[in-house]
Amino acid sequence: MRKYAKYWRDSASLIVVARNQNNKPDEHGYNYKVLVFKRTENTSFLPNHIVFPGGSFDPQDDSAEWLRLFAAQGISQEALQSVSASSGPRPYIFCTTDSDRLDRNVSLRLCALRECFEELGVLLVANKTNDDGFSRAPSRFDVRTWQKDIHDGRKEMRVLYEQLQETPDLWGLYEWSTWITPTHFRRKRFETAFFLAALNEVPPVYPESHEVEEYMWQSPKDLLSAHSEGNLWLAPPQAYELHRLSHVKDFDVLVRFAKARNRLGSTAFCPVAFNAADGFIGVLPGDDLYPENFDFITDNEEMNKYGELTMQQLAEMARNLHRVEHHGLHSQTYLHNGPTIDQHLHVLGRNGGGLSKL
């Protein structure tokens with residue numbers, strides 16, 4: 001059993017971005033869109049939330065049969081090992097143990113690819129002829145039948161790649177971030193690795209009816225605006241990541257950034273909650289209130305310590321801020337006055353130093 005297995009499940013999520021037709025910017029200047037979907041009421045985790053495609057790690061994602069497929073397709077050991085190269089922080093979800101058949105950097109990407117196909121019918125394959133940083137999404141096969149068979153467990157994802165003679169795009173899935181469900185969600189917690197994948201055009205989408213109520217391609221700004229207006233409900237990690245994306249309007253700039261940052265590691269973000277007189281805050285690494293040597297398991301015994309103070313008073317007490325103030329279901333304020341973490345995009349823009357309200 002992997003460490004932390006009794007506390008949470010491992011999962012992977014995929015931020016799929018696609019270039020607008022003819023590279024045309026929208027009214028806000030974005031020449032790309034992000035793929036998200038609304039979970040149905042029947043889903044066991046985050047029902048009715050707007051999320052990126054993704055889900056729980058499955059044994060097939062760690063099958064040694066993938067190595068046979070890679071070898072048959074002429075994928076070298078050096079190419080596979082390049083997926084694991086990183087010079088920065090490594091959350092435990094990326095750590096390979098003796099019981100793992102595949103390197104976790106490989107199997108987590110396979111998990112993200114499988115979930116994206118199961119939920120939305122988007123299959124990402126490696127671009128073998130041009131290393132331009134973009135994935136491909138072929139759809140000239142019986143997507144619906146394969147999607148249902150894989151979703152329902154009758155067939156494995158590997159068999160689809162094998163029959164199509166395609167390679168899962170491990171190299172075009174750029175490590176983006178890692179989020180751990182806060183400790184006060186005791187009933188169901190996840191450690192989720194987020195990856196970003198880029199497509200040169202918007203592909204067809206085939207929503208899976210049991211998990212997906214509706215899907216949408218929208219710019220980061222449009223999604224954030226719809227959240228703040230109460231028209232949709234973004235899960236906290238999605239809101240944070242979309243806010244980071246919202247500061248990059250050019251698609252090619254975003255892809256170059258993702259490629260450059262891919263091997264710089266990820267600091268796990270596990271929000272720690274504090275109640276305030278007018279709402280609650282979730283503090284993140286770098287904030288003065290973030291517990292030292294936090295183990296991601298122990299409950300915050302000081303959750304109610306500052307309950308008589310307002311969120312503004314709590315912010316004025318701190319020198320280093322990296323937190324989300326929750327004023328209500330659709331109203332959050334992001335505070336981060338420090339440098340970017342892991343050389344990532346700053347939630348308030350590249351220069352930071354201010355407030356950004358949703």
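For this chain, numbers begin at 1 and follow the sequence in order.
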Colleague: Any donor and acceptor pair, going by atom type alone, linking the side chain of E115 with main-chain N or O of S13 inside 3.5 Å?
Modeller: no
Colleague: Is the distance between the ring centroids of H346 and H336 less than 6.0 Å?
Modeller: yes
Colleague: Does the structure place the NZ or CZ of R104 under 6.0 Å from the centre of the six-membered ring of F57, at an angle of no more than 45° from the ring's axis?
Modeller: yes
Colleague: Do you know the tightest heavy-atom contact between P138 and V125?
Modeller: CD-CG2, 3.6 Å
Colleague: Mind checking the OG-CD spacing from S107 to Q60? Nearest 0.5 Å is all I need.
Modeller: 12.0 Å
Colleague: With L196 as reference, evaluate V34, L245, V16 under the side-chain contact (heavy atoms from CB on, under 4.5 Å) test and give the passing residue.
Modeller: L245
Colleague: Just by distance, do the side chain of E213 and the backbone of S209 share a donor-acceptor pair under 3.5 Å?
Modeller: no
Colleague: For H151 and E211, which I'm curious about, is there any donor-acceptor pair between the side chains at under 3.5 Å?
Modeller: yes
Colleague: Which value, rounded to the nearest 0.5 Å, describes the distance between H326 atom NE2 and F280 atom CZ?
Modeller: 4.5 Å
Colleague: Are K33 and N20 close enough that a side-chain donor and a side-chain acceptor fall under 3.5 Å?
Modeller: yes
Colleague: Counting heavy atoms not belonging to E201, are there more than 12 under 6.0 Å from its CD?
Modeller: no
Colleague: Please determine, by modelled atom types, if S225 and D222 share a side-chain donor-acceptor pair under 3.5 angstrom.
Modeller: no
Colleague: Please tell me whether E241 and S177 have a donor and an acceptor in their side chains that are separated by less than 3.5 angstrom.
Modeller: yes
Colleague: Does Q312 have more than 12 heavy atoms from other residues, nucleotides or ligands lying within 6.0 Å of its CD?
Modeller: no
Colleague: Which of these passes side-chain contact (heavy atoms from CB on, under 4.5 Å) with S11: F194, W179, F190?
Modeller: F190
Colleague: Thinking salt bridges, do D58 and R114 make one under a 4.0 Å N-O criterion?
Modeller: no
Colleague: Please list, chain by chain and in numerical order, all residues satisfying side chain to side chain contact (heavy atoms under 4.5 Å, CB included) with Y7, sequence neighbours excluded.
Modeller: Y4, I297
Colleague: Look at the rings of Y240 and F269 and say which category their plane angle falls in: under 30° parallel, 30 to 60° tilted, over 60° perpendicular.
Modeller: perpendicular
Colleague: Using a strict threshold of under 4.0 Å (side-chain N to carboxylate O), is an ion pair present between K221 and E27?
Modeller: no
Colleague: Main chain of A273, side chain of N300: is a donor-acceptor contact present, judged purely on distance under 3.5 Å?
Modeller: yes
Colleague: Is the closest basic N to carboxylate O distance between D169 and R109 below 4.0 Å?
Modeller: no
